[in-house]
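What follows is a set of notes on a single structure, which appears directly below.
Small disclaimer: the values here were computed from a predicted structure and weren't measured.
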Amino acid sequence: MNFFDFIRKSKKRRNNILQYKHNYHKKKTAKDIAYSVNKRIFDFAGASVGIILTAPVMATIALLIHHEDGGNPFFAHERIGQYGKRIQVLKFRTMKCENVHLTKEQKRQLKTEFKIDNDPRITELGDFLRKSSLDELPQLFNILIGDLSLVGPRPIVDEEVQIYGDKIAKLLSVKPGLTGYWQAYARNKATYETGRRQHMEMYYVDHHSTLFDFQILMHTFSSVIHKRGAQ
């Protein structure tokens, strides 16, 4: 998928029925409304500045990925956004173009955690991009158009819905983010299997605020720089 296809599909999905919008009820206060408005302004400004500052880096990464195996440097993965809206989350492609055989254990981990430790499908450059979190830079465009926020629960895939059970509507009442409480403070140390990941995501939904968002952003920068929990 090229960048223009991503924009067209993202706009088309804005008109989808938001199936979870009325399944979770919380009376919004003036403070909640002010927080939402301020957050969107900060998201738009932050994404705009981020795109301008990292444009040379993103262009270089795209060229390196294409040079490595000749494939499309971008990858758009369908996720579930706020209220169940289908969104295309844009990333730099980190996996090989050809199919790679997975062991039974790797398939089991992929089924339970939706990722694999030391994934054999990842390219050498892709491994660096993931560990440095540079593969997620294109998601600044997702933030710019309003599908993601800078901070929020990570956007999930269909298979993850059942993990949250009757709490899924509550989780999806909050816009997903580029980073979040789970990702900043635990990253790969918190798993669905132990229950810690979903606990941390729901904790954010219950306690999100401007101060909490700022703390998460600062801790994310620290985690990325020191590569804590990165794989």
Side-chain angles (χ1 to χ4, degrees), residues 1-10 13 50-51 54-81 86-145 147-148 153-161 163 176-180 182-184 186-193 197 220 223-231:
M1 172 181 289
N2 61 43
F3 178 71
F4 297 104
D5 287 336
F6 157 73
I7 293 294
R8 283 195 294 270
K9 289 190 176 184
S10 294
R13 282 175 172 81
I51 290 170
T54 63
V57 176
M58 288 196 279
T60 301
I61 292 173
L63 289 172
L64 289 174
I65 293 173
H66 182 72
H67 177 74
E68 187 173 40
D69 65 0
N72 190 331
F74 296 101
F75 174 72
H77 194 241
E78 185 169 278
R79 299 293 181 101
I80 302 175
R86 299 285 173 174
I87 61 175
Q88 293 287 321
V89 174
L90 194 63
K91 302 181 74 172
F92 281 121
R93 180 174 57 81
T94 57
M95 291 190 177
K96 301 172 183 176
C97 291
E98 71 273 12
N99 292 326
V100 177
H101 176 74
L102 299 178
T103 66
K104 289 183 178 180
E105 176 58 28
Q106 287 170 335
K107 290 179 180 178
R108 184 201 68 79
Q109 187 179 28
L110 182 62
K111 186 176 181 180
T112 58
E113 300 299 330
F114 308 98
K115 59 185 178 181
I116 303 172
D117 294 334
N118 302 313
D119 197 328
R121 300 171 298 172
I122 299 175
T123 64
E124 289 186 21
L125 177 59
D127 183 55
F128 167 75
L129 293 176
R130 288 194 175 197
K131 288 180 177 179
S132 62
S133 296
L134 289 173
D135 63 314
E136 296 182 351
L137 275 179
Q139 287 171 43
L140 289 171
F141 291 100
N142 284 110
I143 297 171
L144 195 68
I145 65 177
D147 284 341
L148 292 182
R154 286 299 290 159
I156 62 174
V157 296
D158 288 321
E159 291 80 6
E160 293 173 273
V161 170
I163 293 175
L178 173 64
T179 187
W182 156 73
Q183 193 176 27
R187 302 195 80 176
N188 293 293
K189 295 179 181 179
T191 66
Y192 277 136
E193 201 165 30
R197 175 172 172 177
T220 296
S223 296
V224 169
I225 291 172
H226 295 95
K227 296 183 180 181
R228 288 195 292 266
Q231 285 188 358

Quick one: does Leu129's side chain get under 4.5 Å of Ile65's, heavy atoms only?
-> yes
Please identify each residue that fulfils side chain to side chain contact (heavy atoms under 4.5 Å, CB included) with Ser133, with sequence neighbours left out.
-> Arg187, Val224
Arg154: what forms a salt bridge (charged side-chain N to carboxylate O under 4.0 Å, His left out) with it, not counting sequence neighbours?
-> Glu136
Would you say the side chain of Gln139 lies within less than 4.5 Å of the side chain of Val89, judging by non-hydrogen atoms?
-> yes
Can you check whether Phe92 reaches Leu134 side chain to side chain, under 4.5 Å on heavy atoms?
-> no
For His66, ring-ring contact (aromatic ring centres under 6.0 Å, His included) partners two or more places apart | none
Not counting sequence neighbours, which residues clear side-chain hydrogen bond (donor to acceptor under 3.5 Å, both in side chains) with Thr191? List them please.
-> Thr194
Val157: partners by side chain to side chain contact (heavy atoms under 4.5 Å, CB included), with sequence neighbours left out = His77, Arg79, Phe114, Glu159, Glu160
Contacts of type salt bridge (charged side-chain N to carboxylate O under 4.0 Å, His left out), residue Arg108, not counting sequence neighbours | Glu105, Glu193
Beyond-backbone contact of Leu148 with Ile87, side-chain heavy atoms, under 4.5 angstrom = yes
With sequence neighbours left out, the residues meeting side chain to side chain contact (heavy atoms under 4.5 Å, CB included) with Leu64 are Thr60, Leu125
Should the pair Arg86-Asp147 be classified as a salt bridge under the 4.0 Å nitrogen-to-oxygen rule?
-> no
